[in-house]
Enquirer: 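Below you'll find the structure I mean.
Note: hydrogens, waters and symmetry copies are ignored here, and every other heavy atom, side chains too, is used.
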Amino acid sequence: MSTLTKPDFYSVIQERHSVRQYDPTVKISREEMKEILADATLAPSSSNLQPWRFLVIDEQELKEKLYPIANNQEQVLQASAVIAVLGDTKWYEKGEKIYNLSQEAGYMTEEVKQRFIHTAENIYANMNDSVKESIIDVDAGLISMQLMLIARARGYDTVPMGGYNKAKFMEEFKIPSHYRSVMLIAIGKAASEARPTVRLPLEDVVSWNKI
């Protein structure tokens with residue numbers, strides 16, 4: 001496990017960069033990967049229904065299988081692991097389990113629990129596909145950013161990837177059809193510094209009260 005020194009939050013967000021060159025000798029244990037993912041799942045989600053699912057690819061043979069699917073991006077081969085962020089389009093089916101656990105923990109009453117279960121089973125379940133996909137993408141984005149910040153706080157580096165053949169990935173890795181492939185995240189230890197980037201000035205991206 002990497003040494004946790006509880007770095008300053010602002011250092012974490014300022015030092016996080018998308019890294020594309022990794023030290024292939026650095027391995028992240030599954031125990032630590034579980035800790036990273038567990039912390040990431042503290043991210044918010046719509047009605048706390050947590051639609052995210054993860055496939056952690058840490059075997060070299062499988063990374064080599066993923067390599068051409070991910071347009072031959074070197075980080076796929078070099079990183080300690082590639083985390084496939086997926087969304088379960090039937091995520092609302094976990095509602096009863098989630099809300100039962102919330103009630104048992106004393107976080108909601110029976111009345112509130114039943115109301116939330118009703119919402120999950122009747123409102124979310126009957127949404128059209130485009131709305132479901134939008135919810136999944138937003139929630140998956142929230143947890144992905146949290147995961148990358150947690151990785152940086154532990155001394156690791158990441159890069160999110162959208163440039164891959166999602167249909168081929170689903171097929172080759174036998175992903176159930178009710179899952180949605182959102183992104184891939186390479187995670188490991190940088191072998192070289194990330195390329196510096198700039199951000200637009202606030203006046204280009206922020207408006208007050210009207211656009």
Side-chain angles (χ1 to χ4, degrees), residues 1-43 50-88 136-137 139-166 168-176 179-197:
M1 178 187 295
S2 61
T3 302
L4 296 181
T5 57
K6 295 185 178 179
D8 174 79
F9 172 72
Y10 289 99
S11 296
V12 171
I13 62 174
Q14 289 164 4
E15 293 172 4
R16 187 222 60 81
H17 299 288
S18 292
V19 169
R20 292 175 174 80
Q21 298 292 326
Y22 290 85
D23 182 346
T25 68
V26 174
K27 306 300 179 185
I28 301 175
S29 70
R30 291 192 176 182
E31 177 186 1
E32 186 172 14
M33 189 68 77
K34 287 177 182 178
E35 292 174 357
I36 292 170
L37 291 168
D39 285 343
T41 62
L42 298 175
Q50 307 161 52
W52 45 66
R53 307 290 182 261
F54 301 101
L55 174 62
V56 181
I57 302 169
D58 62 1
E59 294 181 1
Q60 195 63 28
E61 181 181 351
L62 292 178
K63 288 192 285 180
E64 291 171 2
K65 180 179 179 180
L66 178 60
Y67 179 61
I69 296 172
N71 297 320
N72 301 326
Q73 297 181 73
E74 290 297 324
Q75 62 264 27
V76 169
L77 298 178
Q78 298 171 344
S80 301
V82 176
I83 301 171
V85 182
L86 309 169
D88 186 347
I136 286 171
D137 288 348
D139 289 350
L142 290 170
I143 196 170
S144 295
M145 188 69 252
Q146 182 140 311
L147 189 156
M148 289 187 284
L149 292 174
I150 291 164
R152 179 83 292 269
R154 286 175 170 261
Y156 296 118
D157 301 285
T158 57
V159 59
M161 295 177 282
Y164 63 101
N165 188 325
K166 293 186 177 183
K168 190 70 173 176
F169 169 72
M170 297 284 285
E171 176 186 351
E172 291 297 319
F173 283 82
K174 296 180 172 55
I175 309 298
Y179 282 4
R180 175 175 173 81
S181 183
V182 179
M183 73 177 79
L184 304 175
I185 300 175
I187 180 171
K189 197 80 168 179
S192 60
E193 292 186 6
R195 184 180 68 246
T197 58

Enquirer: What is the distance from atom CZ of R154 to atom CD of E32, rounded to the nearest 0.5 Å?
Expert: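 With rounding to 0.5 Å, CZ (R154) is 4.5 Å from CD (E32).
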Enquirer: Quick check: do F54 and V85 have side-chain heavy atoms less than 4.5 Å from each other?
Expert: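 Yes, their side chains come closer than 4.5 Å.
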Enquirer: For the NZ atom on K34, are there more than 12 heavy atoms of other groups (residues, nucleotides or ligands in this structure) within a distance under 6.0 Å?
Expert: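 Result for NZ/K34: open.
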Enquirer: What pair of heavy atoms forms the shortest contact from A40 to I143, and how long is it?
Expert: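 It is O-CG1, 3.2 Å.
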Enquirer: What closest approach, in Å, do V26 and S80 show between heavy atoms, and which atom pair accounts for it?
Expert: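 Nearest heavy atoms, V26 then S80: O-OG, 2.6 Å.
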Enquirer: According to side-chain hydrogen bond (donor to acceptor under 3.5 Å, both in side chains), does anything in residues 54-67 pair up with another residue at least two apart or in another chain? List the pairs.
Expert: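 For residues 54-67, and leaving out neighbouring residues, the side-chain hydrogen bond (donor to acceptor under 3.5 Å, both in side chains) pairs sorted by first residue read R30-D58, Q60-K63, Y67-E74.
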Enquirer: Nearest 0.5 Å, please: how far is CZ in R195 from CZ in R20?
Expert: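 One finds 6.0 Å between CZ of R20 and CZ of R195.
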Enquirer: Taking all non-hydrogen atoms of both residues, which atom of S18 and which atom of P160 are closest, and how far apart?
Expert: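 Smallest interatomic distance, heavy atoms only, reads OG-CD, 3.7 Å.
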Enquirer: Without swapping roles, check the side chain of D157 against the backbone of V19 for a donor-acceptor pair under 3.5 Å.
Expert: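 Not at all, since once roles are kept as given, no pair shorter than 3.5 Å links the two residues.
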Enquirer: Does the pair L86 and R180 meet the rule for a side-chain contact (heavy atoms from CB on, under 4.5 Å), with working shown?
Expert: CA-CA 5 Å; L86 309 169; R180 175 175 173 81; over 6 Å; no
Enquirer: For the residue pair K168 and E171, establish whether any side-chain heavy-atom pair is separated by less than 4.5 Å.
Expert: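 Counting from C-beta outward, K168 and E171 do come under 4.5 Å.
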Enquirer: How long is the straight-line distance from CD of E15 back to OH of Y10, given to the nearest 0.5 Å?
Expert: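 Interatomic distance, Y10 OH to E15 CD, rounded to 0.5 Å: 14.5 Å.
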Enquirer: Are N165 and I69 close enough, and set up right, to give a side-chain contact (heavy atoms from CB on, under 4.5 Å), and what steps lead you there?
Expert: CA-CA 6 Å; N165 188 325; I69 296 172; 4.3 Å; yes
Enquirer: Would the distance check show the side chain of K27 and the main-chain N or O of P24 forming a donor-acceptor pair, the cut-off being under 3.5 Å?
Expert: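 It does hold such a pair.
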Enquirer: Rounded to the nearest 0.5 Å, what separation is found between the CG atom of L37 and the CD atom of Q146?
Expert: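 Between L37 CG and Q146 CD, I get 11.5 Å after rounding to 0.5 Å.
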Enquirer: Could you grab the distance from atom CD1 of I185 to atom CE of M148, nearest 0.5 Å is fine?
Expert: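 Atom-to-atom, I185:CD1 and M148:CE are 5.0 Å apart.
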Enquirer: Please determine whether side-chain hydrogen bond (donor to acceptor under 3.5 Å, both in side chains) holds for the pair Y164 and S181, giving the CA-CA distance in whole Å, both sets of side-chain angles, and the decisive distance to 0.1 Å.
Expert: CA-CA 10 Å; Y164 63 101; S181 183; 2.6 Å; yes
Enquirer: Flag the pair V182 / W52 as yes when at least one side-chain heavy-atom distance between them is below 4.5 Å, and no otherwise.
Expert: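 Counting from C-beta outward, V182 and W52 never come under 4.5 Å.
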Enquirer: What distance separates L55 CG from I175 CD1, expressed to the nearest 0.5 Å?
Expert: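 Result: 5.0 Å between the selected atoms.
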Enquirer: Quick check: closest heavy atoms across K189 and G155, and the distance to 0.1 Å?
Expert: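 So the minimum-distance heavy-atom pair works out to NZ-O, 2.8 Å.
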Enquirer: Where do N71 and M161 land on the side-chain contact (heavy atoms from CB on, under 4.5 Å) test, with the steps shown first?
Expert: CA-CA 10 Å; N71 297 320; M161 295 177 282; over 6 Å; no
Enquirer: Testing V56, I83, I150 one by one against I36 for a side chain to side chain contact (heavy atoms under 4.5 Å, CB included), which residue passes?
Expert: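 Answer to the side chain to side chain contact (heavy atoms under 4.5 Å, CB included) test with I36 among V56, I83, I150: I150.
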Enquirer: Is the closest side-chain heavy-atom distance between T158 and I187 below 4.5 Å?
Expert: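 The answer is yes; the side chains approach within 4.5 Å.
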Enquirer: So, for A140 and S144, which heavy atoms are closest and what is the spacing to 0.1 Å?
Expert: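 In this case the closest contact between A140 and S144 is O-OG, 2.7 Å.
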Enquirer: Is the side chain of Q73 donor-acceptor paired with the backbone N or O of G163 at a distance under 3.5 Å, no angle test?
Expert: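 Flag set: sc Q73 to bb G163 pair under 3.5 Å.
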Enquirer: Which atom pair, heavy atoms only, marks the closest approach of I136 to D88?
Expert: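 Of all heavy-atom pairs spanning I136 and D88, the closest is CD1-O, 3.7 Å.
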